[in-house]
Amino acid sequence: MGRILRLLKSDFTSGEVDPLLHARQDIKHYFTGAERMRNVFVIPQGGFKDRPGLKFVNDVSATASGNDPDDGARFISFEFSFSPDVTYLLLFLDQEIRVYKDGEQVHTITGLTQWTGDKLDKLNWTQSNDTLIIFHPEIQPYRILRVSDTSWTVSALSFDYIPKYDYSPTSSNPLGNITPSDVDGEIKISSAGSVWTLSHVGQKVEGNGGLARIVQFNSSSSVVAVVEIPFYNTDSITSGEWTLLEGFEDVWSNTRGWPACGTFHDGRLWMGGGPRPSTIWGSRIGSFFDFESGTGLDDEPIDLTLDTDQLNDIVNLFSLRDLVIFTTGGEFYVPERPITPNSSSTINATRRGSQKGLRVQELDGAALFVQRGGKAIREFVLIEDGSGNYVSDNLSLLSSHMINNPIDFSKRKATSTDENDLLILINTDGTAAICSAIRSQQVIAWSTMDTPNGVLQRVGVDDTDIYFLVKRTVNGVSKWFVEMFDSTLRHDSAVYVDTSSSATSTITAAHLLNEDNIHCYADDNYQGDFTLDGSGQATIPNESDNYYEAGYYFEVEAKTLPIEPSLPEGTSFNKKKRIIEIASELSETEHVVFNDREVTFKKFGVAGSNSPLDVDGKEFSGRHTEEGFVGFSEEAQITISKNRPGKMTVLALTATVSV
């Protein structure tokens, strides 16, 4: 005789899990995970809701250079320090920047010939106060300053001093004796006869146990130098017993290349990678553009090279408690605090390696990075055992199938109690992997995002707003739209029009002209789907008195893992089961479908003008039960979906199962 069991599922905090885990009933994540989470977000309370719609912001298909965004694009955030509530998002396109604020484009900067589209995927950046510094290994760093919403300055970064390096070292023994004025510090080196020329500035003198770098040419018989290794004494050094080391040149230049990344940490600007891929440089404290090595004083510039048994091409620098260095070969940190020229070293904490072109994101004290190869998201975090060491835990271990060689990575912090922090990765296939996370509660819930008639190409976060660059095919033509999450909307590439001052039965979405399958809500009521004409207009059946919104309907699906209740005789695995009833706890839900059955919230009541059947459908909150499901299967799963636009929040499900 069969058994009737009632099983509650109110926890989806493991999100969509890897198909390889679908038989792992021995781990807790089986009972807090799902087989499919598409276009939904897990909420802190354990349930899930459909993701926000995408508001159409503007069309960026036509750039000033004539090249479309397929040639390259990148979002970079900018926070105005004198007013923390004023934030911007900069969209870098081929040779131009679009400036966005509060969901609108407010300015365009053109003529930026240094940033062609093919270089944008290697941009890295850091900001201090109102100075945004842009790095690229082939381009001199640039500084971007805000004057007003519609006035911005972009200029090449002018360094007070660029350090030297002997890319092509040579040595010689010039004729003539030399005499140092002191054994250490900044000294004068005098020569007997004409020895020095202006070209010797930046070169080095070695002899009498010492090494000094020439910093100033006085005359053919006198130069000023900074001692790097102290001389034994100030005695005259005989010709032939001292060496002039040449071949030193600016470590960064248009010929050699420029730093690939940078960050601000402990009063210094730190830069790394580029022409010397395993070296970082720290500026003088309080003087961010002075990198002239000095006499070893605590506030003077620093350079450090990572010396290990593998290639460590630096791709990101990040300021946590310590200065963290992310390379293609592993993760390093500088343990000293403060960091000084005479007290600086690096520790190779882990050897995972980072993917080039993707910046590190911070989440509750952890640095998140995409592992080299693009198949895992790891968090570099301090071990809480007092050792001061770090680990690189796999944040996507349970959902590794959703990480598909990401091309962009961003993060938005939670803004309310019904939201988690969101990590957004854009995959090469045009989908996004989104993680709803609360590290303190060990909530790591991944879900997939896609959009109808389009692919996601870039993502950017302007404080609380999340923007996407979306490539769509409209009326047979490729278009590139900037769109942003809007929790009030039910559609993608959506327009919202206030009609309270002028009621209308005509909807307009000019950017989607001649498109079919455009859905519409008006005054909280679903109007159906329509085909827009050549002006982007259509007529809806019910006049809109307050508002309408129109756009693409995006599909939603959440599917539980197979229900496998335990039986007295053992597991129910591979036994036939039938779901008889599905009870749900819903919140502010307009529309939902359980196992292909659309839920109807209207109820029969007293006939007449006040009958519930005559009242427009509104959001439903509370408990709802659907009965009469038929059919046996070995999996007995619940699929929650929609077949039209409408808000949905599922807090809990209870399945009555016959086994």
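Between Asp364 and Lys413 there is no salt bridge, since no side-chain nitrogen of the basic residue lies less than 4.0 Å from a carboxylate oxygen of the acidic one. Salt bridge absent: Asp393 and Arg378 never bring a charged side-chain N and a carboxylate O closer than 4.0 Å. Note on Lys411 versus Asp421: no salt bridge recorded, every NZ/NE/NH1/NH2 to OD/OE distance being 4.0 Å or above. With respect to Glu96 and Arg98, a salt bridge is recorded, a charged nitrogen being found less than 4.0 Å from a carboxylate O. Arg351 and Glu331 are not joined by a salt bridge, as no carboxylate oxygen comes within less than 4.0 angstrom of a charged side-chain nitrogen. Ion pairing between Asp250 and Arg256 fails under the 4.0 Å rule for side-chain N and carboxylate O.
Ring to ring, Phe135 and Trp258 are not that close: their centroids are 6.0 angstrom or more apart.
Between Glu246 and Leu244 the shortest side-chain heavy-atom distance falls below 4.5 Å. Under the 4.5 Å side-chain criterion, counting only non-hydrogen atoms from C-beta, Leu304 is in contact with Val334. Asp121 places none of its side-chain heavy atoms less than 4.5 Å from the side chain of Ile407. No side-chain heavy atom of Asp130 sits less than 4.5 Å from a side-chain heavy atom of Arg146. Under the 4.5 Å side-chain criterion, counting only non-hydrogen atoms from C-beta, Leu157 is in contact with Ile133. Within the 4.5 Å cutoff, the side chain of Phe318 has heavy atoms near those of the Glu362 side chain. Side-chain contact check for Trp242 versus Pro174: some heavy-atom pair is nearer than 4.5 Å. Residues Ile325 and Tyr333 form no side-chain contact, since every pair of their non-hydrogen atoms from C-beta on lies 4.5 Å or further apart.
Under the 3.5 Å distance criterion, with hydrogens and angles disregarded, no donor-acceptor pair is assigned to the side chains of Thr153 and Ser155.
For the side chain to side chain donor-acceptor pair (under 3.5 Å) criterion with Thr87, the lone passing option out of Asp463, Asp102, Thr464, Asp462 is Asp462. Ser239 pairs in a side chain to side chain contact (heavy atoms under 4.5 Å, CB included) with only one of the listed residues (Asn173, Leu175, Val195, Ile178), which is Leu175. Here the rule is side chain to side chain contact (heavy atoms under 4.5 Å, CB included) with Leu368, and of Val360, Leu358, Leu363 only Leu363 fits it.
Under a 3.5 Å cut-off, the side chain of Gln361 and the backbone N or O of Phe409 do form a donor-acceptor pair. A distance-only check finds no donor-acceptor pair linking the side chain of Asn427 to the backbone of Asp429 [under 3.5 Å]. With hydrogens and angles disregarded, a donor-acceptor distance shorter than 3.5 Å links the side chain of Asp290 to the backbone of Glu292. Listed for the Ser410 side chain is no donor-acceptor partner under 3.5 Å among the backbone atoms of Ile424. A donor-acceptor contact shorter than 3.5 Å links the side chain of Asn312 to the backbone of Gln310. Formation of a donor-acceptor pair under 3.5 Å by the Asp408 side chain with backbone atoms of Val459 is found in this model. Judged purely by atom type and a 3.5 angstrom limit, Ser221 has no side-chain atom pairing as donor or acceptor with the backbone of Gly193. At least one donor-acceptor pair closer than 3.5 Å links the side chain of Ser181 to the backbone N or O of Lys188. Using a distance-only test at 3.5 Å, with no hydrogens or angles considered, a donor-acceptor pair links the side chain of Glu336 to the main chain of Ser345.
Atom CG of Leu89 sits about 13.5 Å away from atom NZ of Lys101, to the nearest 0.5 Å. Between atom OG1 of residue Thr116 and atom CD of residue Glu138 there is a gap of 8.5 Å, rounded to the nearest 0.5 Å. Taking OG from Ser396 and CD1 from Ile377, the interatomic distance works out to 5.5 Å, rounded to the nearest 0.5 Å. Atom NZ of Lys204 sits about 14.0 Å away from atom OG of Ser171, to the nearest 0.5 Å. The distance from atom CZ of Arg352 to atom OG1 of Thr328, rounded to the nearest 0.5 Å, is 15.0 Å. Residue Lys164 holds its NZ atom at 9.0 Å from CZ of Arg213, rounded to the nearest 0.5 Å.
The aromatic rings of Phe291 and Phe159 sit perpendicular to each other, their planes meeting at more than 60°, with 30° as the lower class boundary. Aromatic ring pairs are classed by plane angle as parallel below 30°, tilted from 30° to 60° and perpendicular above 60°; the pair Trp152 and Phe78 is perpendicular. Ring geometry, Tyr467 versus Phe75: the interplanar angle falls from 30° to 60°, so the pair is classed tilted.
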Stepwise side chain to side chain contact (heavy atoms under 4.5 Å, CB included) check, Trp125 with His136: CA-CA 9 Å; Trp125 59 93; His136 188 285; over 6 Å; no
Residues Phe289, Ser283; criterion side chain to side chain contact (heavy atoms under 4.5 Å, CB included); working and verdict: CA-CA 6 Å; Phe289 310 126; Ser283 71; over 6 Å; no
Residue pair Trp270, Phe264: steps toward the ring pair (Phe, Tyr, Trp, His ring centres under 6.0 Å) verdict: CA-CA 6 Å; Trp270 293 86; Phe264 291 93; over 10 Å; no
Ring pair (Phe, Tyr, Trp, His ring centres under 6.0 Å) evaluation trace for Phe468 with Phe485: CA-CA 8 Å; Phe468 295 90; Phe485 272 152; 5.1 Å; yes
Full working for side-chain hydrogen bond (donor to acceptor under 3.5 Å, both in side chains) between Thr308 and Asn348: CA-CA 9 Å; Thr308 68; Asn348 190 182; 5.3 Å; no
Working for ring pair (Phe, Tyr, Trp, His ring centres under 6.0 Å), residues Phe380 and Phe326: CA-CA 10 Å; Phe380 189 75; Phe326 292 90; 5.7 Å; yes
Evaluation steps, side-chain hydrogen bond (donor to acceptor under 3.5 Å, both in side chains), between Asn405 and Gln355: CA-CA 9 Å; Asn405 194 22; Gln355 184 85 337; 3.0 Å; yes
Residues Asp385, Ser387; criterion side-chain hydrogen bond (donor to acceptor under 3.5 Å, both in side chains); working and verdict: CA-CA 6 Å; Asp385 61 359; Ser387 66; 2.6 Å; yes
CA sep, side-chain torsions, deciding dist, call: Asp465, Tyr100, side-chain hydrogen bond (donor to acceptor under 3.5 Å, both in side chains): CA-CA 11 Å; Asp465 294 326; Tyr100 292 86; over 6 Å; no
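Remark: Lys356 NZ is loosely packed, at most 12 non-hydrogen atoms of other residues, nucleotides or ligands lying under 6.0 Å away. Heavy atoms from other residues, nucleotides or ligands lying under 6.0 Å from CD of Glu186 number 12 at most.
Because its NZ or CZ atom is not both nearer than 6.0 Å to the ring centre of Phe288 and within 45° of the ring axis, Arg268 does not count as a cation-pi partner of that residue.
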